[in-house]
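Ligands are counted one by one from 1 in listed order, and the atoms in each one are counted from 1 as well.
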Amino acid sequence: MTNINRCWWHDKVAYQIYPKSFLDTNGDGIGDLRGIISKLDYLKALGIDIIWLSPIYKSPFVDQGYDIADYYAIAEEFGTMDEFDELLREAKKRDMAIIMDLVINHCSDKHEWFQKALADPDGEYADYFYFRKGKDGKAPNNLRSYFGGSIWEPVPGTDKYYLHMFAKEQPDLNWENPVLRRKLFDMVNWWLEKGLAGFRIDAIINIKKDLAFPNFEPDGPDGLAWCWKMVDSVDGVGTFLKELKDETFRKYDAFTVGEVFNMKEDELNAFIGEDGYFSTMFDFSAHLLIGGGHGWYEAPELDFDAWRSTVIASQLETEAVGFKANIIENHDEPRGTSRYLPPFARTPAGIKMLGTVSLLLRGIPFIFQGQEIGMTNAVWNSVDEFNDINTKDQIKMAREAGLSEAEALVACSRMSRDNARTPVQWSDEVNAGFTTGTPWLKVNDNYKTVNVAAQEKEPDSVLHFYRRLVALRKSEAYREVFTYGRFEPVYTDKDNIMAYYRRTEEQRVLVVANFGKTATELELEGDVKRVLLSNRVAEEGANSASPVIIDGRLTLESCEVAVLDI
Ligand code: GLC
Ligand code: CA
């Protein structure tokens with residue numbers, strides 16, 4: 001990739017907002033657009049260029065807005081279209097771009113299209129969805145939805161079923177229907193016309209179905225098989241994705257990031273190469289290591305070596321093709337701190353180390369709200385504290401697999417999507433300063449110590465460190481190497497060390513971190529020209545702390561990270 005065509009988004013840093021939990025300004029316990037507008041300066045100070053908003057469209061919120069009832073309307077809970085336009089203007093003033101979630105594999109069962117389809121199951125709107133006759137008095141096939149249970153739900157008053165890969169309140173849209181596709185493209189263009197910079201594209205791999213709807217080998221006691229097995233076995237999603245791009249994004253030079261699982265191995269170039277369907281897609285390779293076979297109750301602990309080699313392999317594979325988007329957490333995952341760091345490392349030092357290693361990888365960094373202050377998983381005292389539909393289903397699956405309620409609680413506490421969805425901790429005031437009302441989801445108990453206001457005052461805080469980290473990535477002197485520099489792993493034979501160079505013809509930067517419990521020493525491969533970043537905490541009176549380098553040997557304490565121009 002030496003002669004890569006440069007794109008406006010290559011050197012940007014992105015931030016994901018989960019609006020419901022970001023900041024509530026009217027006391028109803030739900031975050032809102034006004035809250036987001038009021039924090040644009042905070043995000044600017046963090047160095048953010050692109051803001052991704054999880055869905056803010058009108059929705060019954062069965063799956064927290066990933067069930068859209070009207071693609072052209074803002075959810076009342078969040079505000080008005082005028083406020084959204086204001087957000088666009090205010091972001092633009094600060095040279096920041098807004099992207100929205102694009103949820104077009106499915107819509108809400110409350111969407112007008114689905115209501116019309118139900119009213120006339122043989123009519124034009126039924127063909128916006130997958131309405132199919134059952135087989136032998138049973139569902140058309142034996143696939144299990146991502147949220148549990150069959151992907152087929154009976155259409156009342158008929159012998160038909162409709163397909164839903166997610167909840168039954170999220171009927172899948174029929175991409176085979178050109179009329180439906182045209183409506184979706186028009187909608188996408190409507191938002192881009194408004195000045196939106198692009199989209200994060202939800203669950204998009206699922207839009208292609210195997211229209212024969214065959215049965216699959218059952219993989220659970222329910223006699224069903226996971227629906228992604230159909231996704232794995234069917235070809236042709238690319239035709240839809242190319243059309244989507246040509247009809248919409250391409251015309252606006254939009255930035256798009258795909259949520260893509262189950263892509264075929266040889267398709268990376270088609271997805272994110274120079275003329276790919278998307279600008280970029282999330283790198284979920286590390287997350288997949290710890291997903292759990294039959295359910296979250298089987299999710300293994302992270303194995304450091306497996307994690308390191310997975311990240312390295314993904315970096316090397318991707319740099320030959322394009323850019324991936326790097327994350328340690330999002331609204332569907334537990335907090336990165338709780339997942340990628342062993343318990344002894346869940347400290348400010350460890351959190352800074354993980355952030356550094358992740359943000360300086362080649363690719364587009366996405367920071368999830370609260371990550372910049374080191375928010376962690378919450379302690380869940382009872383299954384009733386969960387709100388997430390997926391978590392509720394996983395508890396059920398764990399129970400069915402024989403776990404007691406207490407065991408299911410422990411298993412799902414580690415993995416619950418609600419860990420990322422607890423309100424942002426702005427201060428040590430009531431409800432962490434998130435709301436004056438009752439928060440829709442409980443606040444993490446650690447807000448008294450982990451919050452933005454406290455970290456603002458503390459020069460060595462995780463928040464200030466993240467600001468320095470993002471600033472380094474975007475600095476005039478190092479922007480080029482962190483954006484376009486090659487990725488080169490190093491010290492892979494050393495236990496618990498995650499290290500890599502980023503390099504161009506002119507520059508070489510070493511990022512090196514000690515994930516181990518004890519200090520270690522490394523022989524440096526060159527003279528250090530400058531220390532660019534260190535998470536050592538300055539001694540009283542000193543302005544900054546530096547890593548210890550004696551005679552070309554670097555000593556790294558447990559959880560220490562250093563970034564060196566070498
Ligand atoms: C994506 C979203 C997730 C949602 C699902 C269905 O995976 O990130 O939150 O539940 O799609 O839309
Ligand atoms: Ca509110």
Side-chain angles (χ1 to χ4, degrees), residues 16-39 52-57 59-69 71 74-80 83 99-109 111 145-148 151 163-173 199-207 227-228 231 257-262 281-282 284 287-288 291 325 327 329-334 366 368 387-394 415-421 423-424 426 431 433-441:
Q16 180 189 355
I17 289 185
Y18 194 70
K20 201 166 179 183
S21 305
F22 189 67
L23 179 61
D24 173 27
T25 57
N26 64 351
D28 64 356
I30 295 175
D32 43 49
L33 290 173
R34 287 247 85 80
I36 297 173
I37 295 170
S38 74
K39 291 295 179 187
W52 154 29
L53 303 177
S54 275
I56 54 170
Y57 312 86
S59 165
F61 287 90
V62 169
D63 185 21
Q64 299 305 351
Y66 285 90
D67 46 327
I68 297 174
Y71 288 100
I74 301 291
E76 275 172 33
E77 292 86 341
F78 294 152
T80 63
E83 284 169 329
I99 67 171
M100 284 173 53
D101 229 294
L102 185 61
V103 189
I104 47 179
N105 172 67
H106 47 267
C107 60
S108 161
D109 62 343
H111 193 287
S145 95
Y146 290 107
F147 293 162
I151 62 169
L163 186 157
H164 60 91
M165 300 283 271
F166 294 89
K168 67 178 190 321
E169 295 86 353
Q170 294 168 295
D172 280 44
L173 291 163
F199 293 95
R200 175 268 187 184
I201 305 170
D202 186 73
I204 193 67
I205 201 82
N206 298 290
I207 61 176
C227 60
W228 50 258
V231 176
V257 47
E259 186 203 27
V260 181
F261 290 97
N262 306 89
M281 61 193 242
F282 290 109
F284 291 121
H287 297 74
L288 292 174
I327 58 163
E329 61 202 48
N330 66 23
H331 67 293
D332 292 332
E333 304 289 338
F366 272 71
F368 180 68
N387 174 294
D388 171 35
I389 182 171
N390 195 13
T391 306
K392 291 185 175 160
D393 179 65
Q394 288 283 346
M415 296 295 284
S416 175
R417 308 200 296 179
D418 282 339
N419 285 306
R421 299 175 181 188
V424 172
W426 295 105
N431 297 321
F434 163 72
T435 180
T436 54
T438 307
W440 73 275
L441 184 68

For a 4.5 angstrom cut-off between non-hydrogen side-chain atoms, does F166 reach Y66? no
Atom 8 (O) of ligand 1: the protein heavy-atom neighbour that sits closest, reported with distance to 0.1 Å: D332 OD2, 2.4 Å
Closest contact, heavy atoms only, R417 versus T391: N-OG1, 3.7 Å
If you have a sec, work out which protein heavy atom is nearest atom 4 (C) of ligand 1 and how many Å separate them, to one decimal? D63 OD2, 3.3 Å
Which of the numbered atoms in ligand 1 are below 4.0 angstrom from a heavy atom of E259? 1 (C), 7 (O), 8 (O), 11 (O)
With a 3.5 Å distance limit and no angle check, can you tell me whether R421 reaches the backbone of H331 through a side-chain donor-acceptor pair? yes
Residue pair I104 / L173: nearest heavy atoms and the distance that separates them: O-CD1, 3.6 Å
Have Q394 and D388 got a donor and an acceptor in their side chains that come within less than 3.5 Å? no
Test ring pair (Phe, Tyr, Trp, His ring centres under 6.0 Å) applied to F368 - qualifying residues, sequence neighbours left out: none
Which atoms of ligand 1 are found less than 4.0 Å from any heavy atom of R417? 3 (C), 4 (C), 9 (O), 10 (O)
For R421, the ligand 1 atoms with a heavy-atom partner under 4.0 Å come out as 9 (O)
Within a distance under 3.0 Å of the Ca ion (ligand 2), the protein atoms of type N, O or S are D24 OD1, N26 OD1, D28 OD1, I30 O, D32 OD2
